[in-house]
Amino acid sequence: MKILITGGAGYIGSVLTPTLLALGHEVTVLDNFLFHQNSLLDCCQYGGFHVARGDCRDETVVKPLLARAELIIPLAALVGAPMCNQDKVAAQTTNFDAVAMLCRLASKAQWIIMPVTNSGYGIGEKDKYCTEDTPLRPLSLYGVTKVKAEELILQRENSISLRLATVFGMSPRMRIDLLVNDFVYRAVHDRAVVIFEGHFKRNYFHIRDVARVFVHAIDHFAKMKGKPYNAGLDDANLSKSELCAVIKKHLPRFTYVEAPIGEDPDKRDYIVSNARLAATGFKPEWGLDRGIEELIKGFTILRNSVYSNV
Ligand SMILES: NC(=O)c1ccc[n+]([C@@H]2O[C@H](COP(=O)([O-])OP(=O)(O)OC[C@H]3O[C@@H](n4cnc5c(N)ncnc54)[C@H](O)[C@@H]3O)[C@@H](O)[C@H]2O)c1
């Protein structure tokens, strides 16, 4: 297919783009390279790879790229609550207005597959699994902009929304602000973590399975379209303390303690069912253990040591 990915040079895009190219798709990435990332250099070898440096909010930039696309994957966003709170106007215009513009400019026949954070579930009911029918109650501006964008794309004819759990795993454009990545990074380099509100449950999904779920959605588009799908690991609805226990299995010198005072500004606490996605035939390949082993290797290579001799 001819695919346009906005934000395709980000954490997810830098794994998804080469995956789609290797399958023979023609991929155009529009990105403003906000993080000065060079994560798509390996993609330049493909004749079917095209790249545009620009802003996904600029209609004059987006319109000609959109005209050639059969499928649009909008990844461009200010991602995460802290980043959105730093620039609320950019969060609204990038996460919502740019998606609204795509919906306005795209023809009915063009497909859209968009990832949304499952943090939209906010604070779940104790021991009750959130399904796609559970009301969305996002807690942060990030969650609100993503949930509103999902509402819009699901109103059009040919769209799928993937409600991703917190993603983990190595990417050429690495993020160590994501929970599993962050804890493993600290376990490797500091050997310790202080946890706030360690009983809060979250769920997780490996970045290679994220790429696989996009491919699955393309392959099963007719059957899946018009709906949102939770995408996470069924056996990884874990609290932060439980996650640390799994990391400790791999790094026995790792110590974690729960802070008796203080709170986590990120209040989300929920367990999620991925049954709807499983019923379409999707099976994840990357469990937490396999991903943690990958991260330990990655963080042996990556280290923030600009102001230190070692
Ligand atoms: N990582 C996760 O855990 C997760 C979970 C659920 C949903 N998502 C969604 O997946 C998408 C990608 O997230 P990510 O983790 O790869 O984040 P990221 O920050 O690594 O990627 C965002 C990309 O968008 C680009 N970008 C930002 N503003 C832009 C603009 N105005 N014009 C063009 N490009 C712009 C950035 O340069 C970057 O390449 C986002 O829509 C996010 O909401 C991510």
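Start at 1 and go down the list; that is how both ligands and their atoms are numbered.
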On the 0 to 90° scale, with breaks at 30° and 60°, tag the Trp111-Phe221 ring pair as parallel, tilted or perpendicular.
parallel
Do the non-hydrogen side-chain atoms of Phe299 and His189 ever get within less than 4.5 Å of each other?
yes
So which protein residues pack against ligand 1 under 4.0 Å, heavy atoms counted?
Gly7, Ala9, Gly10, Tyr11, Ile12, Asp31, Asn32, Phe33, Leu34, Phe35, Gln37, Gly54, Asp55, Cys56, Arg57, Leu75, Ala76, Ala77, Val79, Thr94, Pro115, Val116, Thr117, Tyr142, Lys146, Leu164, Ala165, Thr166, Val167, Arg173, Arg175, Leu178
Among residues at least two apart in sequence or on other chains, which ones pass salt bridge (charged side-chain N to carboxylate O under 4.0 Å, His left out) with Asp289?
Lys249
Looking at residues at least two apart in the chain, or sitting in another chain, which of them share a side chain to side chain donor-acceptor pair (under 3.5 Å) with Asn158?
Lys225
Going by the angle between their ring planes, with limits at 30° and 60°, are Trp286 and His206 parallel, tilted or perpendicular?
parallel
Kindly write out the residues that satisfy side chain to side chain contact (heavy atoms under 4.5 Å, CB included) with Ser171, not counting sequence neighbours, or none if the list is empty.
Tyr11, Ser14, Val15, Arg173, Ile207
